[in-house]
Structures are given as C-alpha cells and as structure tokens.
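Take a look at the structure set out below.
Atoms within a ligand are numbered from 1 in the order they appear, just like the ligands themselves.
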Amino acid sequence: MEVRVLPHGQRLDVPQGENLLSALQQHGVPISYSCMAGRCGTCRCRLLEGDVRPAGDDSAHTLINDDEQGGRALLACQSMVMGPCTIEIPEPDEVVVHPSRIVKGTVTALADLTHDIKLIRLAPSKPLSFSPGQYATLQFTPDHIRPYSMARLPGDGELEFHVRMVPQGRVTGYIREQLKVGDTVRVSGPLGTSYLRTRNDDPILCIAGGTGLAPVLAIVRGAIAAGLSNPIHLYFGIRSPRDAYGLDWLNELAQRHPRLRIDVVSTETGSDRDLRTGLVTEAVAHDYADLNGWRAYLCGAPPMVEAATVLLRDRGIQADHIYADAFYASND
Ligand code: FES
C-alpha cells in the first residue's frame, strides 16, 4: 500500500494492516509520540484521503474528528493502514519523543499558594523526560488519580504541580487531608500536545486560567532555557485578586526575558492596581486586533479555552498554531 506523507511528499510502501506509527518510524519519517496507547495525543496527524482504520475495537481512540480543511485527525499509534492513503504530519521539525513511563515520586514539599491552590513537589526516582507544557498522571493511591501539569523543567530535578482544591473533591480532599511529605506518588507520562515549539521566531501568546499557570510557567521557563528571544505576552486570568499566585516567579522571568509582558486579569475587582479587571479573553481582544503570525498556548478551564480559541482564530492565528489542553475539574 502506498502511504503518501505530507508536507514533504514521501511515498512509503507499507504492508496492509501495518500500524501507522510503526510504518512512519520504520521509514525514518519524523513523528512525535509518547504513550503509544492513544492517550497522550502526541502522535496526532491528519488523514487527507484513503483507508486507515482503528487498530483496536475502540475507534474513539483513533479517529478524532473531521477538521475544517476536510481532513480527519487521527492518532497514528492507534491506526492501521488498510489501503493507499495520504496523511499529513504536524511540523516535522518539531518532533518530540518522550516515551511514556512510570516513575515513583517522593513528596518533598507541600505548600499553600493561595486559599485553595496547593503546590506539590516530587523527587522522581528516575528522571522523567518531557517538553514544557506537558502533563502527567499522578496516582496518590489506586483510588486517587488525576492529571496535573509540570510547572518546571525536566532539568530542574524535582517535579512541581499546582493543584486547586475542589470543594468536596475526592482526590483533592485526599491531597489536602492525607498527603504528606515523604509519601510516594506514581507519576506516569508525559502526556499532552500543548508543549513549547522552539524552532520559530513567532511571537508567543500564553493564556493561563487559574492553575493553568503551571504549564504556562513551564513554557516560559522552557523558552528562556532554550535561549528564545520571541516576544511573549502572558495573560493570567483569575476569578478574584485572592486567586493570584506565582507573581514573584513571573516577575523574575520577566527580568530574565526582556520581551516578556505579563498581564494579570481578574474577573472581580479589587484594590490591587496591578490587576486588570474583566475576562482574560476581553483583555486579549482589547489589546490585539490582529494576531496573524502568532502562536498561542492556552491552559485553563474548558469555557475559557474555548472562548480564547474562537477569539484567536478570529484575530488571525492559524488553527494549528493554537496549542490547548483544557482541564476539567472533577468532583467525584
Ligand atoms: Fe499516540 Fe500517545 S503516542 S496517543
């Protein structure tokens, strides 16, 4: 079967029934991957035409959806080549490969960042490789498992997570009441496709809602560590002034990256003159009429991420240059 791979147009000869990710790897086509299990989304690519089918019974893990340009997003690791086809892989020069693994992490610090946000630091038993902006699944006990984003860089040694305590939340209740320094947490990952792209000069827009600041901090730290000089405009959206945290970290980053601009936007008003008031998307809309040529990293609650995506598309950012991992609070 001939598999044509865009954007470079390679033509691969692939046996029928072959796993698409394996076929790409065997032919030396650069493709990002991590979990190889349909969970992280890193191997996502587009089927433009032809016959590619789910590798297992669960097609929901393979074919994600039809996109605006008439293609179909799919996960290469969960797809079988059944006939001639044309696929498009994303940004072949931005390949990241961090094979998913499970490491043990020992809790080294627990601290309150705000009235309802806690910081958790873990010392991993083995280094976990990941790209800034990715997340991992933390298993506190077999019954207490949640995904959280890494706020620091892999080279920092310890892993840092920011967790908002959900009222009556079962997992966050465990974290608040039972987790202590010295406990062991199983960390599996990395997961997520909203990681820092380093090989371009495009200006960067980061929009963080609440603890969505964690991956955005990692992205800015990663940009500085990689020596990027791209302008960065970071918007941090919070509900009220008492939800603000990490301002010292942000100020320190702004000193290290002269082209980093930071706006903290609070939905409710307060006495702090450094805060803007309103929705974070309103602030972006007010500041920018045209964002053509920018790249955006979004992390926060789904309504904010969805509203921001609509706004940024409207302001001219290419759909494939908007990187978003919405997180969902769970009360169970
Ligand atoms: Fe395919 Fe994770 S590598 S979804």
Do Leu74 and Met36 belong together in a cluster built from hydrophobic side chains that touch within less than 4.5 Å?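 Same cluster: Leu74 reaches Met36 through Ile, Leu, Val, Met, Phe, Trp or Tyr contacts under 4.5 Å.
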Are Leu191 and Val185 connected in a single hydrophobic cluster, I mean Ile/Leu/Val/Met/Phe/Trp/Tyr linked by side-chain heavy atoms less than 4.5 Å apart?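 Result: no, two separate clusters.
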Quick check with a 6.0 Å cut-off and a 45 degree axis cone: is Arg197 positioned over the face of Tyr195's six-membered ring? yes
For the side-chain contact (heavy atoms from CB on, under 4.5 Å) test, which of Ile238, Leu250, Val220, Leu113 pairs with Leu213?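 Of the listed options, the one satisfying the test is Leu250.
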Closer than 2.8 Å to atom 2 (Fe) of ligand 1, what protein N/O/S atoms do you find?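 Less than 2.8 Å away from atom 2 (Fe) of ligand 1 sit Cys35 SG, Cys40 SG.
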What I want to find out is whether Asp116 reaches Arg239 closely enough, with some N-O distance under 4.0 Å, to be called a salt bridge. yes
Does a salt bridge link Asp290 with Arg315, judged by any charged N lying under 4.0 Å from a carboxylate O?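 Judged by the 4.0 Å cut-off on N to carboxylate O distance, Asp290 and Arg315 do not form a salt bridge.
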